[in-house]
Amino acid sequence: MKMPPFRVLSPKSLDEALHMSRDLSDSGEAFDWIAGGTDLLPNYKWHINVKSHVISLSSIPELRKLSGNHIGAMVSINDLAEDAVTHPVLAKAANSVASVLIRKSGTVGGNICLDTRCYWVNQSETWRESIDWCYKCDCGTGADCRVIPNQNTLCVATYQADLAPVLMCLDATIHLASPAGTRSLPLCEFFELDGMTRNVLESGELVTHITIPEDSAEWSGDYQKLRQRDSWDFPEAGVAVLWKGISSSGPESLRVATTGLESIPSLHLEETKEALSRWRGAETIEDLAESIRKAVKPVQNTWFSPSYRRKMVKVLTKRACRDLLVS
Amino acid sequence: MTEKGGSEEQAKNDEEIIGYRQQPGKIPFSRPGSGGKNRFSEATDSELIPSSQGGSLKQPWGPHKHDEIVSGRVIGKPTALVDSSWKVTGQAHYGDDVRLPGELIGRIVRSPHHYAKILSVDCSKALELQGVVAVATGADAKNRFGVLPVTKDEHAMAVEKVRHAGDLVACVAAVDESTAREAERLIEVEYEILDSIHDMRKGLENSEEPIHDRGNYHIGESNIQKRVFQEFGDISGMAQSSIASHKKSWLFAGVNHGFTEPHAVVANWDPSGRLTLYTPQQVPHYLHRALADVLEIPMHQINVHRTFVGGGFGGKSDPFPHEMCAAILARKSGRPVRITFDREEVYWVNRGRHPSRIEMNLHADEQGRICGIETDALIDGGAFASFGHVTTYYNGVLHTAPYEIGAFHYTGARVWTNKPASGAMRGHGAVNSRCAVEVGLDDLAEDLHVDPITLRLANLLPPHSATITGFRVTSIGMRECLERVKIESGWEKKFRNLPLGKGIGIGCGFFISGSGLPIHWDPNKFPHATVHLKVDMDGGVTVHTGAADIGQGSDTVVAQSVAEVLGLPLDMIRVKSRDSDTSPVDLGSYSSRVTFMNANATISAAIQIRDKLLDATVEITGADRSGLVIGDRRIFLKDDPAVGVSYLEALHKAQEDRGALVSSGAYRTPPMGKTHKGAAAGLAPAYSFSAYVAEVTVDVETGQTKVDKVWAAHDCGKALNPLAVKGQIIGSCHMGMGQVLSEEMRYGRNGNLMNPDLLDYKIPSVHEMPEVVPIIVESNDPEGPFGAKEAGEGPLLPILPAVCNAVYDAVGVRTSELPMTPEKVFKMIEKRCRTEGVSDPTDLECPSLEYSDLQSILEKRGDEHRLRDKERRLDEERKDYYNGALFGLDPSVPPDEVDPRWEVRVAPDEEYLTSPRLAGSAWKHIERRHLEGTK
Ligand SMILES: Cc1cc2nc3c(=O)[nH]c(=O)nc-3n(C[C@H](O)[C@H](O)[C@H](O)COP(=O)(O)OP(=O)(O)OC[C@H]3O[C@@H](n4cnc5c(N)ncnc54)[C@H](O)[C@@H]3O)c2cc1C
Ligand code: SF4
């Protein structure tokens with residue numbers, strides 16, 4: 001399969017990258033950032049929303065820094081998984097991404113910004129033509145969404161990246177840069193509920209790094225992932241649960257986030273607040289898990305059915321909470 | 001010259017044994033050495049010489065006709081495939097690696113519609129594009145083709161109608177891939193969309209516009225491509241004596257071969273007007289014929305060159321439309337044309353295992369005998385016939401063994417639907433119904449309160465018997481397979497004794513070792529396989545065979561056979577199997593025929609060379625011919641090894657006055673089988689048997705099933721290359737596990753194939769792969785080469801039911817749908833929880849089983865049969881044994897010839913048609929020709 005032709009620009013510094021992005025927008029050229037390319041290039045091969053230019057972030061040293069609290073956008077998933085400074089739950093999630101080969105190329109920034117996925121769009125051009133295209137990549141036809149038809153305002157493709165829920169539970173901050181300057185925001189405010197826009201990135205803006213609060217070491221927990229095979233497969237559901245300050249009256253703080261179920265990952269604040277307000281051990285965990293199941297609304301566009309994925313969210317939540325009871 | 005000087009000279013001469021010059025008159029013609037890299041012959045390893053020849057190789061199954069020609073060189077030794085260094089160093093050239101100067105890239109325009117009439121195809125814009133050299137459409141090749149001569153229903157490109165999304169409409173050749181892809185989109189096709197059929201059940205009904213028109217032979221106005229009705233044995237007796245029955249309606253999803261290398265082809269017409277087609281084909285000869293038909297040129301003007309094949313598994317055994325397209329484009333453009341598929345195109349051309357609806361009923365009588373099997377199989381053929389005619393039969397007849405049965409009723413139908421065509425895939429036609437039978441036996445054992453292995457051991461056909469369908473079965477190692485896996489898996493302790501979520505299950509298999517009928521000719525007139533040998537002065541042996549090495553190791557087995565008979569190291573054998581120009585016609589790699597047929601043909605050719613070498617040895621040494629044996633590059637007297645000559649000495653003697661030795665060997669099947677309609681389907685010169693035990697863990701809260709370990713016993717007659725046999729067993733486990741747990745061609749609500757890629761088509765990864773303990777059982781087939789039978793397909797069959805049965809043992813649920821994804825298993829667990837009023841699945845009870853009195857009856861019968869079988873296998877004078885003896889009939893006569901209740905029926909009667917089963921309802925239609933007759 002051949003990609004359509006495009007130009008690759010390889011800036012050597014963040015400044016240069018931002019310059020290039022400004023130059024391209026000034027001349028009205030569209031472009032994509034490319035990090036490891038493990039997500040972008042398969043989509044390009046399928047001719048999905050291909051741009052005339054890509055700016056590669058691979059030669060920018062600033063983006064590669066990795067410490068306990070700072071994760072550069074260009075840190076590879078494999079390095080994140082294997083480095084001793086990485087929070088163990090984050091390392092577990094990183095280790096569950098794709099396969100070892102893909103983890104070596106794939107990056108944290110690319111993982112966070114991963115494009116949403118859907119059975120009706122992650123297909124070749126000929127295939128998509130055979131269903132008369134769909135809203136996300138309509139090739140000028142004004143086609144409808146194939147999953148939830150007759151709305152044409154929203155793509156409900158699924159966000160299936162593994163790192164976000166753990167980082168959200170760790171209360172990570174995401175740092176962005178654009179020709180207009182830099183800004184930082186909590187990771188849970190980064191995503192936008194639309195399978196096409198996906199997140200708050202403006203055109204020409206990129207993710208530089210992620211920071212994690214100093215107290216992250218005090219948090220423990222688990223990440224649980226549902227998939228058919230233990231390699232390659234994207235999460236059909238993923239649940240991160242992290243807590244801190246455990247005592248007989250339950251954890252002092254508790255966070256639950258999910259991925260693989262909707263167009264964005266979600267941090268379930270209300271449900272955990274409710275659980276913490278009257279902690280009764282195993283019973284509460286059961287209730288919490290049930291409330292998470294109710295909170296998520298998967299659609300039929302991945303390998304497993306939505307009803308199964310919802311049921312499994314409950315099981316995964318309980319499993320991720322297992323150590324909460326033991327301790 | 002002094003005497004001393006003479007012997008010095010002699011000694012010097014002896015040293016110079018690699019390469020020698022003839023210096024007439026000066027020094028004597030030097031001794032030619034032994035040939036081969038190592039100048040010293042290796043001593044013969046007595047462990048590899050059969051005891052019938054005085055060696056120490058034990059022969060529990062008696063001697064074999066090939067014992068005499070065993071030289072102890074390579075047969076039975078774990079041997080790396082002869083082409084492995086090409087592959088591991090990246091120097092093997094697969095279809096897409098062929099590069100010819102001036103090549104063009106071809107692309108195919110495919111239908112976006114499931115079913116439509118083609119109103120017009122306009123290529124003008126594409127032709128105007130710079131770089132486009134040729135285009136072609138259905139109008140360029142109107143002749144039909146198909147792998148079976150009886151059902152030619154394919155065209156190079158659609159003529160009039162497209163029959164599935166992805167069907168070929170036109171093709172274009174351009175200077176590079178980008179231009180070709182651009183041109184592909186410039187070809188404008190106007191369609192009139194027709195109502196498409198996606199549910200195979202619909203295919204049984206009359207339709208306004210059947211997908212194909214078979215003219216007078218069309219079955220009603222339906223989409224039924226083939227129907228089969230067969231009844232053997234005592235059908236009415238079955239119902240009367242049955243005390244336990246199993247009934248289940250299965251739905252099997254279609255699966256694809258999932259080979260690594262996508263299809264690729266290069267076509268080139270040379271200046272003399274001949275076509276060479278480079279293609280990774282399993283069956284080059286059928287392609288050769290189809291090309292001649294479609295291109296309308298004589299066969300001798302075509303050379304089919306088989307490249308290395310990056311996996312086939314049945315998926316590269318049809319002649320394919322893209323192969324025709326490449327040839328047509330190359331003819332039109334006058335330049336070589338290469339077409340390589342994207343993965344989704346592989347799924348569109350498919351030929352994978354048929355999606356099937358199988359209803360399986362089994363009945364047992366009070367003695368625990370299988371008094372009846374009633375199978376109804378509706379199989380979804382997709383848009384073309386492919387091998388489907390045969391598949392329809394195989395879904396029935398291939399489960400009439402290894403058990404002795406009282407009655408067999410089979411109705412099968414294959415329908416066309418608007419999907420990519422199904423075809424032959426490893427275990428062709430046998431896999432799904434075998435799974436249904438073996439799961440059924442497990443259920444029946446549960447019903448009868450007996451151990452399922454005991455039940456099987458008490459119902460096996462003996463060696464050298466005939467099945468209820470009249471297949472002649474020779475060697476049978478079924479009992480040994482079952483006994484070995486039972487012991488090695490620790491079955492007795494584990495079965496129905498493991499904790500919830502852990503389970504163990506058994507499954508068996510039976511498969512043909514080579515289809516008995518060559519499709520294109522009368523087997524009595526023309527052999528199945530022919531092999532030519534040529535041995536020149538260098539001593540190396542060139543083997544010409546058309547056997548298609550598709551990675552299974554056919555080149556290796558052919559080389560091994562020559563090496564063994566002539567006592568040569570493998571590196572002295574050169575196998576030329578790629579070009580139809582130089583290879584004798586061979587049917588190709590399907591139906592697990594290659595080792596059986598080609599190695600036999602090879603042996604017969606090698607024996608002719610061997611005879612000449614022995615004659616020459618007698619001439620040189622004057623030794624008694626009957627005492628001569630062949631060792632490593634040496635022919636000598638068995639009882640006085642000092643008397644003998646090197647291989648090269650004998651060879652040069654034999655070549656005196658005539659030059660290179662040549663020989664030709666052939667294999668043809670013995671006459672076998674019955675004469676009823678369809679009797680040939682399933683006939684084979686030998687059959688393989690297997691039994692697997694699988695141990696699984698099922699996560700009761702998620703339904704995830706992990707296969708932990710498999711004990712896999714397979715009777716391959718004789719493992720010519722144990723390494724390759726083990727590889728086949730382990731690979732089969734992997735492939736079968738995919739079908740049972742995760743692989744499926746999934747069609748969306750509007751009929752589109754949703755997962756035509758390797759991310760969403762879930763082939764198990766290395767993480768899913770269990771430890772497999774391959775157990776080789778060698779039943780020493782009397783007609784097999786050195787006793788061998790197949791090991792390429794049969795080993796796939798048992799893994800599916802073994803896993804299904806193990807899941808039952810683990811959580812007490814039985815699936816009726818494959819693949820049993822976690823989702824499906826979870827649903828069954830939920831259902832069980834509901835029926836049993838359990839809220840938490842971890843509280844479910846494990847299935848348990850208390851044996852009834854029948855258990856000891858079966859054990860006793862199994863023990864008696866063990867003795868019976870041992871006697872039969874060793875007894876050269878054994879009497880006939882026909883299926884039915886277990887039910888009290890005379891074993892020495894075919895029951896259908898003497899007992900009217902056992903009469904064979906191949907068409908339903910009126911009564912049956914009043915309430916036919918699903919596939920059986922295909923018989924409600926009347927063929928057009930009969931309709932016309934009544935008019
Ligand atoms: C077979 C297969 C299996 C996979 N399985 C999984 C899985 O199990 N779990 C999982 O999470 N992922 C999976 N992936 C997806 C992907 O490989 C990983 O998520 C990876 O981390 C993506 O990183 P990348 O650097 O390759 O991204 P790229 O492909 O380079 O980029 C992905 C997207 O992010 C944008 N982007 C990248 N970097 C930045 C940045 N710094 N700022 C702004 N935008 C940016 C790109 O423009 C693009 O839109 C799989 C991929 C494949 C091919
Ligand atoms: S969710 Fe709808 S719009 Fe989005 S990719 Fe899928 S079908 Fe297209």
Side-chain angles (χ1 to χ4, degrees), chain A residues 1-5 38 42 45-47 96 98-100 102 117-133 139 146-147 149 160 224-234 236-237 286 289 300-309 311-316 318-319, chain B residues 105 107-114 165-166 176-178 180-182 184-185 262 340-345 347-348 699 701-704 706 738 741-743 746 748-768 819 821-824 826-827 830 840-841:
Chain A
M1 211 174 280
K2 220 172 163 84
M3 287 183 277
T38 59
K45 285 206 165 186
W46 275 327
H47 294 217
S96 76
S99 65
V100 67
I102 294 174
R117 304 179 58 81
C118 171
Y119 254 180
W120 302 90
V121 83
N122 294 104
Q123 303 280 3
S124 71
E125 219 172 9
T126 332
W127 193 97
R128 283 181 287 127
E129 186 187 357
S130 77
I131 58 144
D132 273 338
W133 318 99
C139 296
R146 302 291 156 196
V147 179
Q160 290 186 285
Q224 291 278 332
K225 174 172 178 174
L226 175 72
R227 51 178 160 173
Q228 176 75 52
R229 299 171 293 186
D230 279 344
S231 186
W232 304 312
D233 287 350
F234 284 89
E236 292 284 321
E286 180 76 28
Q300 179 74 64
N301 61 2
T302 66
W303 174 250
F304 290 132
S305 74
S307 68
Y308 177 67
R309 282 150 73 205
K311 283 176 189 160
M312 290 306 109
V313 166
K314 183 171 175 183
V315 176
L316 300 188
K318 283 199 276 185
R319 288 188 176 178
Chain B
I105 301 300
R107 287 285 308 164
I108 289 161
V109 179
R110 294 174 180 278
S111 163
H113 306 298
H114 299 300
D176 56 29
E177 190 180 336
S178 310
R181 280 181 188 269
E182 204 181 329
E184 184 190 331
R185 303 205 65 78
T340 302
F341 274 12
D342 293 336
R343 180 59 59 177
E344 94 215 12
E345 296 182 279
Y347 283 95
W348 279 336
D699 183 330
E701 289 181 308
T702 64
Q704 299 252 4
K706 174 106 183 59
L741 293 178
S742 56
E743 288 180 38
R746 188 181 275 186
R749 59 165 191 274
N750 54 358
N752 277 76
L753 180 60
M754 301 307 280
N755 56 345
D757 60 78
L758 293 180
L759 179 61
D760 294 309
Y761 181 83
K762 308 283 186 189
I763 297 174
S765 80
V766 66
H767 297 276
E768 279 67 58
T821 57
E823 185 164 354
K824 289 194 196 128
F826 181 71
K827 257 197 195 142
E830 266 186 321
D840 185 340

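Chain naming here is simple, since letters A, B, ... match the order of the sequence lines and numbering starts at 1 in each.
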Is [X] in contact with chain B via its backbone, its side chain, both, or neither, using a 4.5 Å heavy-atom distance?
{"X": "A:Arg227", "value": "backbone"}
{"X": "A:Thr302", "value": "backbone"}
{"X": "A:Lys311", "value": "side chain"}

Answer with side chain, backbone, both or neither: which region of [X] has an atom nearer than 4.5 Å to a non-hydrogen atom of chain A?
{"X": "B:Asp176", "result": "neither"}
{"X": "B:Glu182", "result": "neither"}
{"X": "B:Glu701", "result": "both"}
{"X": "B:Glu823", "result": "both"}
{"X": "B:Tyr347", "result": "neither"}

Hey, are the side chains of [X] and [Y] touching, using non-hydrogen atoms and a 4.5 Å cut-off?
{"X": "A:Thr126", "Y": "B:Trp348", "result": "yes"}
{"X": "A:Gln123", "Y": "B:Pro756", "result": "yes"}
{"X": "B:Arg749", "Y": "A:Arg146", "result": "yes"}

B:Thr821 and A:Tyr308: CA distance, side-chain angles, deciding distance, side chain to side chain contact (heavy atoms under 4.5 Å, CB included) verdict: CA-CA 11 Å; B:Thr821 57; A:Tyr308 177 67; over 6 Å; no
Test side chain to side chain donor-acceptor pair (under 3.5 Å) applied to B:Arg110 - qualifying residues, sequence neighbours left out: B:Glu345
Minimum heavy-atom distance B:Leu759-A:Trp232, with the two atoms named: CD1-O, 4.0 Å
Minimum-distance pair of heavy atoms, taken over all atoms of B:Pro112 and A:Ser130: O-CB, 3.2 Å
Approximate separation, where rounding is to 0.5 Å, of B:Thr702 OG1 and A:Gln224 CD: 10.0 Å
Separation of A:Tyr119 OH from B:Asn755 CG (nearest 0.5 Å): 5.0 Å
Test side chain to side chain contact (heavy atoms under 4.5 Å, CB included) applied to B:Phe826 and A:Val315, step by step: CA-CA 12 Å; B:Phe826 181 71; A:Val315 176; 5.5 Å; no
Candidate pair B:Asp342 and A:Ser124, rule side chain to side chain donor-acceptor pair (under 3.5 Å), full reasoning: CA-CA 9 Å; B:Asp342 293 336; A:Ser124 71; over 6 Å; no
Chain A: which of [options] shares the most heavy-atom pairs with it under 4.5 Å?
{"options": "B:Arg746, B:Glu184, B:Lys827, B:Glu344", "value": "B:Arg746"}
{"options": "B:Glu830, B:Gln704, B:Arg185", "value": "B:Arg185"}
{"options": "B:Ile763, B:Leu741, B:Asp757", "value": "B:Ile763"}

Note: A:Arg319-B:Asp699 ion pair, threshold 4.0 Å (strictly below): yes
Backbone of A:Pro4 reached by a side-chain donor or acceptor of B:Arg181 within 3.5 Å: no
Exam field: side chain A:Arg229 to backbone B:His767, donor-acceptor pair closer than 3.5 Å: no
side-chain contact (heavy atoms from CB on, under 4.5 Å) partners for B:Ser742, two or more places apart: A:Gln228, B:Lys762, B:Pro764
Heavy-atom pairs under 4.5 Å with chain B, option from A:Asp233, A:Ile131, A:Leu316 with the top count: A:Asp233
